[in-house]
2 protein chains.
Amino acid sequence: MNIYDIAEKCGVSIATVSRVLNNNPNVSAATRARVLAVMEEENYTPSALARGLGTGSMRMVGVLCTTLCNPYYADALAYVEAHLRRRGLHLLLRCTGTDPQENSQALQYMLQNHVEAILLIGAIPPAPEEEPALAAAARQVPVILLDGDLDLPGVYCVCGDHKGAIMELVGQLVRRQRRRILLLHDAMTYSCRQKIDGYTDAYATYGLAVDPQLIVAVDSDLDAVNTCIKRLLVNRVTFDAVIGAEDMLALGAQKALQRTGLSMPIIGFNNSLPARCATPELTSVDGDLEALCDAGIRILEDLLEQRPAPAHTRIPTQLVERATFRNN
Amino acid sequence: MNIYDIAEKCGVSIATVSRVLNNNPNVSAATRARVLAVMEEENYTPSALARGLGTGSMRMVGVLCTTLCNPYYADALAYVEAHLRRRGLHLLLRCTGTDPQENSQALQYMLQNHVEAILLIGAIPPAPEEEPALAAAARQVPVILLDGDLDLPGVYCVCGDHKGAIMELVGQLVRRQRRRILLLHDAMTYSCRQKIDGYTDAYATYGLAVDPQLIVAVDSDLDAVNTCIKRLLVNRVTFDAVIGAEDMLALGAQKALQRTGLSMPIIGFNNSLPARCATPELTSVDGDLEALCDAGIRILEDLLEQRPAPAHTRIPTQLVERATFRNN
DNA sequence: CTCCTCTCTGTAAGCCCTTACAATTTCGAG
DNA sequence: CTCGAAATTGTAAGGGCTTACAGAGAGGAG
């Protein structure tokens with residue numbers, strides 16, 4: 001059932017049917033009604049492909065997400081999706097994980113599908129291999145990076161100020177005489193890399209030496225963290241505070257330390273639901289996901305309307321102090 | 001830059017270029033190399049639209065997700081996405097929330113885009129308004145419903161045995177002399193409806209009357225649950241155990257009860273991360289998300305290959321007993 | 001009654017590929 | 001050297017829609 005069939009059944013030309021389809025006013029009310037009736041009756045579904053080919057636009061946005069298993073990103077996707085939907089834009093989704101090749105492929109795929117723009121949620125740290133692909137994509141459509149930062153023309157970045165947050169945090173802990181702060185991270189996203197930078201910078205600021213044993217990569221999994229903490233303790237690696245680059249890491253540490261009877265300040269990132277569910281409740285740095293997404297969406301809108309947009313937007317973070325902050 | 005340009009630059013016909021594009025063996029090695037070189041050089045991106053129009057297939061699956069804010073569904077989406085990607089299928093995403101009209105629109109949209117199949121994650125309870133749309137969609141492409149159950153020809157359902165789980169659970173509690181079990185639910189998904197059914201059926205089985213005051217709809221939000229529990233206590237509604245249709249509901253109850261000093265068995269559903277983060281750790285019914293998704297994917301594969309598939313699949317659940325189960 | 005304008009409709013040329021079929025070239029066997 | 005099969009390439013007809021442009025009909029002004 002295509003536009004020709006409908007046209008024939010109505011005794012009009014395909015142009016008229018097309019006009020009805022597109023709410024073009026140059027159709028008499030009578031004709032429009034007749035065409036609509038036939039469409040209804042025949043259960044006609046116009047092909048978005050053919051329309052896209054004709055107009056050159058699929059009204060679609062490509063979203064590349066690092067991983068949906070991180071609820072922070074899942075929430076970002078949900079937020080973005082809701083906005084796009086209201087805006088009449090559709091969403092082509094692809095998760096990329098940590099494989100840079102996968103990333104380039106995904107970009108390629110999005111371009112092949114005539115997306116209006118590409119949104120990256122939580123990028124891998126700028127892997128040199130994929131920058132060309134990203135730059136190439138940016139030359140064709142607006143590219144927006146949420147929770148990452150990159151210096152590429154045409155790539156618009158929105159990122160929480162994780163580095164500032166962790167510097168401030170380390171400062172507070174140092175002032176409370178914490179000198180050996182354990183930093184757990186999962187070595188995946190750009191923002192994670194930024195946290196490590198902030199940590200080392202802060203140590204430098206206070207004239208302290210960073211003990212590399214205190215910067216530990218571990219999976220965001222309670223058991224993995226537990227094992228990791230135990231190993232540290234067995235190896236006599238001492239620490240007097242813990243920062244988790246993700247709440248889940250901090251929570252894992254909290255559990256592990258509870259078992260050993262140790263108590264110290266524990267701080268996570270993202271202010272996720274589990275942080276509030278823990279007992280004692282976990283202190284966490286809130287990245288203001290909504291502000292982050294809103295900024296990204298705003299940029300998207302601006303670029304789609306050919307308006308200028310800032311290449312780098314920094315979203316302030318906020319420390320949500322809860323019970324685990326004052327631990328001794 | 002289209003296939004004609006490439007053909008011209010290579011001094012071959014578009015058919016040859018197309019053959020190269022499709023890895024058709026009927027191209028001499030020399031020609032293939034030349035064409036590939038030009039493509040590379042020109043940074044040529046074939047239009048997936050035009051290819052789709054030509055072949056009648058976009059190699060795309062439509063996924064309608066009730067909400068991504070429920071991490072359970074986000075995980076399901078992640079799992080499904082990974083599989084589809086490996087399989088070379090692309091993913092058109094749309095969240096539908098609770099609005100049935102939105103649901104029909106989304107189905108319509110998927111069909112317009114020539115998806116190979118439609119996957120619904122966590123359906124609204126069978127709203128009469130949307131059944132026709134679903135049935136119509138099912139007539140055109142395979143429709144698979146994850147975490148829901150429906151009796152419509154062409155709709156293949158995979159659902160956890162939530163009803164059985166809650167019946168068993170209520171049974172255990174009743175045997176431990178719990179007669180007033182509070183059931184918190186968020187009144188959204190099919191599986192939630194099923195839990196309510198299981199609850200009332202179990203009560204009937206044990207010859208107990210259900211107190212409607214004990215079946216409470218509340219948002220999956222810690223504060224909302226807290227308010228809700230407090231209101232119940234103020235109104236002297238007594239209960240001696242709590243089941244949350246989602247972990248978050250159970251956790252909210254746990255927090256609220258901890259503040260009042262009350263202690264009783266608390267059980268959630270989904271065995272999510274927050275359940276393990278809580279102290280004491282929350283007992284939860286594990287829906288075996290992986291098995292659920294695997295079954296759905298299996299059915300998808302079968303239907304795409306024209307093989308028969310079961311219309312209804314029931315995934316067994318498992319109670320993961322943790323500290324909150326034995327509370328008194 | 002004529003002419004012009006405005007409204008409505010139709011024609012046909014894209015959009016960018018795929019693919020059946022025809023045509024050409026190549027090669028080895030006889 | 002000739003011929004047929006095999007390998008390679010080209011031609012052209014879709015696929016389902018949009019849209020610029022042309023054409024027809026209706027209605028009003030003069």
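Every heavy atom of this structure was used, including side-chain atoms; hydrogens, water molecules and symmetry mates were not.
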| query | What is the distance from CG of A:Leu49 to C1' of D:dT18, rounded to the nearest Å? | reply | 14 Å
| Which whole-number value in Å describes the distance from B:Ile3 CD1 to C:dT19 P? | 11 Å
| said: Pair A:His83, A:Glu301 - check side-chain hydrogen bond (donor to acceptor under 3.5 Å, both in side chains), show working. | reply: CA-CA 11 Å; A:His83 178 85; A:Glu301 299 291 353; 2.8 Å; yes
| request: Can you check whether any acceptor in the base of C:dC15 is under 3.5 Å from a donor in the side chain of B:Tyr4, or vice versa? | output: no
| request: Decide if atom CD of B:Glu42 counts as having more than 12 heavy atoms of other residues, nucleotides or ligands within a radius under 6.0 Å. | output: yes
| task | Send over the distance from A:Asn113 CG to C:dC17 P, rounded to a whole Å. | result | 12 Å
| request: Check the distance between D:dC17's C1' and B:His114's NE2 and give it to me in whole angstrom. | output: 10 Å
| said: Counting neighbours of CZ on B:Arg298 that are heavy atoms of other residues, nucleotides or ligands and sit closer than 6.0 Å, is the number greater than 12? | reply: no
| task | Take atom CZ of A:Arg51 and atom P of D:dC17, then tell me their distance rounded to the nearest Å. | result | 8 Å
| task | Could you work out which one of C:dC16, C:dT18, D:dC17 sits closest to the side chain of B:Ala50? | result | C:dC16
| query | Among residues 7-38 of chain B, which residues get a heavy atom nearer than 4.0 Å to DNA chain C? | reply | B:Ile14, B:Ala15, B:Ser18, B:Arg19, B:Asn22
| task | Specify the separation, in whole Å, of atom CD1 of A:Ile6 and atom P of D:dC17. | result | 9 Å
| said: Please check if the number of heavy atoms outside A:Glu305 that lie under 6.0 Å from its CD is greater than 12. | reply: yes
| query | Just how far, in rounded Å, is P of D:dG14 from CG of A:Leu53? | reply | 18 Å
| How about A:Asp151 and A:His312: does a side-chain donor come under 3.5 Å of a side-chain acceptor? | yes
| query | Quick one: B:Met58 CE to C:dT18 P, roughly how many Å, whole number? | reply | 12 Å
| Which one of B:Thr189, B:Asp149, B:Asp147 satisfies the side chain to side chain donor-acceptor pair (under 3.5 Å) criterion with B:His162? | B:Asp147
